[in-house]
2 protein chains.
Amino acid sequence: MNSKIPGPIERTALAVEISNHLRQMIFEGVLEPGEKVREKPLTEKFGVSRTPLREALKVLASEGLLELIPNRGAVITRQSADELDEVFSVLAVLEGLAGELAAKAASDKDLARISKMTRELRQSFEDADRPTYFRINQAIHKAILEAASNDTLTRTHELLAYRAQRARYQANLTAERWRVAVEEHEAIAGALEARDAARCAALMRAHLLNKLASIKAAAKV
Amino acid sequence: MNSKIPGPIERTALAVEISNHLRQMIFEGVLEPGEKVREKPLTEKFGVSRTPLREALKVLASEGLLELIPNRGAVITRQSADELDEVFSVLAVLEGLAGELAAKAASDKDLARISKMTRELRQSFEDADRPTYFRINQAIHKAILEAASNDTLTRTHELLAYRAQRARYQANLTAERWRVAVEEHEAIAGALEARDAARCAALMRAHLLNKLASIKAAAKV
DNA sequence: GAAGTGAATTCTGAATTCATTATTCAGTCA
DNA sequence: TGACTGAATAATGAATTCAGAATTCACTTC
């Protein structure tokens with residue numbers, strides 16, 4: 001049986017589908033930074049008309065993934081070291097706020113779930129299971145944001161996370177950084193359990209800034 | 001003589017013009033929260049076709065000023081007290097970050113300018129000149145953001161500021177709040193001059209949270 | 001042979017048209 | 001009289017068409 005409740009039939013807007021596709025293509029490097037994006041080839045690739053495609057380009061431009069130059073089309077934004085600094089600086093304070101709010105507002109059930117995931121994170125590190133580690137890591141950050149129950153924060157964070165994601169794809173986790181990252185996560189879970197908002201905020205912010213440092217260190221090699 | 005350097009002729013995209021108009025209309029309450037936005041009347045009002053109008057609606061939706069419901073048009077988002085809390089919480093940490101970065105990165109010239117504006121702010125308060133006060137207030141916040149030299153921060157802040165603006169329009173400044181706000185600004189300028197990043201961050205964040213409190217207090221009356 | 005000019009092509013910007021979905025309202029039946 | 005059905009109407013979603021700007025490239029001229 002279909003477990004899905006019937007509900008409204010899903011008719012995702014074409015423009016949304018296209019933005020998601022394009023975003024993924026940018027993350028995966030199919031569309032390279034600095035590359036000019038021509039509308040016609042994309043419409044042919046996706047099998048859609050220019051109207052929804054152009055709407056999608058507008059959305060991605062507002063997310064900062066590409067730049068629209070009047071009468072001259074779109075260009076995938078280059079990701080400079082400076083831009084990474086910028087994005088991570090902002091993301092760090094947003095995650096800090098998420099930690100602070102979560103420490104205040106999270107339900108006990110939320111906290112238990114986050115602690116459980118943190119233990120699983122430790123396990124995936126012990127097992128040297130990178131895919132699982134990444135998945136759980138993402139899930140924890142998402143859970144903390146949700147526990148903060150501030151939709152505006154979640155949305156703002158999401159927009160910037162798209163841009164950080166591009167760098168993370170390339171980032172390689174060194175053994176040392178990995179070890180420290182797990183410890184940081186454990187400290188964060190501890191601060192949440194203790195409902196120490198200030199400490200949690202500081203830890204979350206530091207965690208993200210450390211991540212930036214490791215990405216930059218990896219890039220230098 | 002025309003002091004403008006010739007440069008490229010300015011051809012602002014129609015969709016951008018329309019978004020600005022619509023945004024202003026929302027700020028001024030011409031389009032009221034909860035109101036359904038129909039495309040046809042707007043195209044007639046602006047004298048444009050639906051294509052650029054729809055692009056503009058997409059942009060405003062991404063800014064959170066209205067909500068697009070598939071096949072059912074757009075609705076101006078209601079501004080609940082909860083949403084104000086959300087937006088100001090995020091804005092506060094962003095302004096905090098701006099203060100922190102500005103304290104570190106601002107040029108001496110920037111600092112002198114901000115201090116000068118702060119003195120003018122005090123003067124406008126003494127003169128009880130509200131329009132001037134608001135103008136200088138805005139200029140100071142803008143200058144601090146610029147001094148932080150983080151475009152991503154500026155852009156992110158701008159998007160949220162649009163939403164806060166809607167509330168500020170209605171907000172009435174009490175005499176007491178006004179006095180305290182000026183003092184806060186002077187403290188911020190002092191922290192900047194002292195290049196005390198941590199203190200500046202804390203002051204900036206607190207300043208915005210106090211502003212929220214005064215808005216909420218005014219709304220309760 | 002190199003630089004400059006102008007027509008042809010290609011691309012983006014905007015308007016219009018076509019298709020699909022939602023809403024309204026008259027009519028029917030219980 | 002009230003609720004349901006279904007056609008008519010009006011809205012949005014997407015494709016196509018038209019207009020204007022930028023690029024390309026061949027040709028001319030020095």
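All chains are named by letter (A, B, ...) in the order of the sequence lines, taking the proteins before the strands, and each is independently numbered beginning at 1. What you see is a predicted model; the values in this text were computed from it and never measured.
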Practice item. Would you mind telling me which residue lines up with the more 5' stretch of DNA chain C, B:Lys36 or B:Gly47, judged by nearest nucleotide? Key: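 Counting from the 5' end, the first nearest nucleotide belongs to B:Gly47.
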
**Study point:** Pair B:Arg23 + B:Glu158: basic N to acidic O under 4.0 Å
**Key:**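 A salt bridge is absent here (no side-chain N lies under 4.0 Å from a carboxylate O).
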
[X], [atom1] atom: more than 12 neighbouring heavy atoms under 6.0 Å:
X: B:Arg113; atom1: CZ; result: no
X: A:Arg195; atom1: CZ; result: yes
X: B:Glu44; atom1: CD; result: yes

Any protein N or O atoms within reach of nucleotides 10-14 of chain D? Criterion: under 3.5 Å, listing atom names and distances.
unit_1: D:dT12; atom_1: OP1; unit_2: B:Glu39; atom_2: N; d: 3.4
unit_1: D:dG13; atom_1: OP1; unit_2: B:Asn71; atom_2: N; d: 3.1
unit_1: D:dG13; atom_1: OP2; unit_2: B:Arg54; atom_2: NH1; d: 2.7
unit_1: D:dG13; atom_1: OP2; unit_2: B:Arg54; atom_2: NH2; d: 3.3
unit_1: D:dG13; atom_1: N7; unit_2: B:Arg50; atom_2: NH2; d: 3.0
unit_1: D:dG13; atom_1: O6; unit_2: B:Arg50; atom_2: NH1; d: 3.4
unit_1: D:dA14; atom_1: OP1; unit_2: A:Leu14; atom_2: N; d: 2.9

Point to revise | B:His185: partners by ring-ring contact (aromatic ring centres under 6.0 Å, His included), with sequence neighbours left out | key: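 If we apply the ring-ring contact (aromatic ring centres under 6.0 Å, His included) test to B:His185, skipping adjacent residues, the hits are B:His141, B:His207.
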
